[in-house]
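The block underneath contains the structure these notes are about, expressed in structure tokens.
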Amino acid sequence: MILSICTRCRDGQENILVKRGGRRFAEALMRRITAGKSLVVRGVHCMSQCKRPCVVSFMSANSFTYSFGDLDPEDAEHIDAVIEFTGLYGESNEGFVLRDQRPKPLQAGILGRYPPLETNSDLVSNLSQFVGPN
């Protein structure tokens, strides 16, 4: 599993706290999480969600990819939510976690959920039946 954290997110506190919100979120998370073989944590220079900082994304082979925003690097509940989701995501079938199963900050802050290339999920349908001759 890969947890990506946008390190360039601005949360409006840069002038006061010196560092960008994304960097502060990454540092706060890294102080509390154990990365290893099953979890790789990486910083991304920009994840292009500037209107919804701070942003993280979860991805894994053959699993749904999730992106979340509106995370506050100064709110321990938001850090805890990302840590908790790491376990939920890793234990779920194809990484699929229902909205009401996610920690509260990740229910409202979802930016996207993208299916894996190969999936049996009933959320994905084949649209080739709608393609006709030109």
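Not measured: the values here are computed from a predicted model.
Across all their heavy atoms, Ala26 and Thr7 have their closest contact at CB-CG2, 4.5 Å. Scanning all heavy atoms of the two residues, the minimum distance from Gly95 to Ser63 falls at N-OG, 3.8 Å. Among all heavy-atom pairs drawn from Phe85 and Leu106, the shortest one is CB-CD1, 3.5 Å. Scanning both residues, Pro116 and Asn62, for their nearest heavy atoms gives CB-C, 3.7 Å. For the pair Pro73 and Leu71, the tightest heavy-atom approach, listed with the atom from each and the gap, is CD-O, 3.6 Å. Counting all heavy atoms, side chain and backbone alike, Ala108 lies closest to Arg52 at O-NH2, 3.7 Å.
Annotation: the span from Ser57 atom OG to Leu3 atom CG amounts to 8.0 Å, rounded to 0.5 Å. For the atom pair Thr86 OG1 and Glu91 CD, the distance stands at 10.5 Å (nearest 0.5 Å). The line from CG of Asp80 to CG of Asp75 is 8.5 Å long, rounded to the nearest 0.5 Å. Taken to the nearest 0.5 Å, the SG atom of Cys54 stands 12.5 Å off from the CD atom of Gln49. Taken to the nearest 0.5 Å, the NZ atom of Lys51 stands 14.0 Å off from the SG atom of Cys9.
In the hydrophobic clustering of this structure, Phe25 does not group with Val18; members are Ile, Leu, Val, Met, Phe, Trp, Tyr whose side-chain heavy atoms approach within less than 4.5 Å, directly or through other members. The hydrophobic cluster containing Leu29 also contains Met1, counting ILVMFWY residues as joined when their side-chain heavy atoms lie under 4.5 angstrom apart, directly or transitively. Taking hydrophobic clusters as Ile, Leu, Val, Met, Phe, Trp and Tyr residues chained together by side-chain heavy-atom distances below 4.5 Å, Val97 shares a cluster with Val82. The cluster map of Ile, Leu, Val, Met, Phe, Trp and Tyr, joined by side-chain heavy atoms under 4.5 Å apart, puts Leu39 and Phe68 in the same cluster. The hydrophobic clustering, which links ILVMFWY residues whose side-chain heavy atoms are closer than 4.5 Å, places Leu111 and Ile5 apart.
For an aromatic pair to be called close, the ring centres must be under 6.0 Å apart, and Tyr66 with Phe58 fails this.
Looking at heavy atoms from C-beta onward, Val56 lies out of side-chain contact with Met47 at the 4.5 angstrom threshold. With contacts defined as side-chain heavy-atom distances shorter than 4.5 Å, the pair Leu88/Pro103 qualifies. The closest side-chain heavy-atom distance from Leu123 to Phe96 is below 4.5 Å.
The side chain to side chain donor-acceptor pair (under 3.5 Å) contacts involving residues 98-124 comprise Glu94-Thr119, where partners must be two or more places apart or lie in separate chains.
Annotation for Arg20: atom CZ counts as buried by contact number, over 12 foreign heavy atoms lying within 6.0 Å. Remark: Leu98 CG is packed, more than 12 non-hydrogen atoms of other residues, nucleotides or ligands lying under 6.0 Å away.
Judged purely by atom type and a 3.5 angstrom limit, Arg24 uses its side chain to pair as donor or acceptor with the backbone of Lys19.
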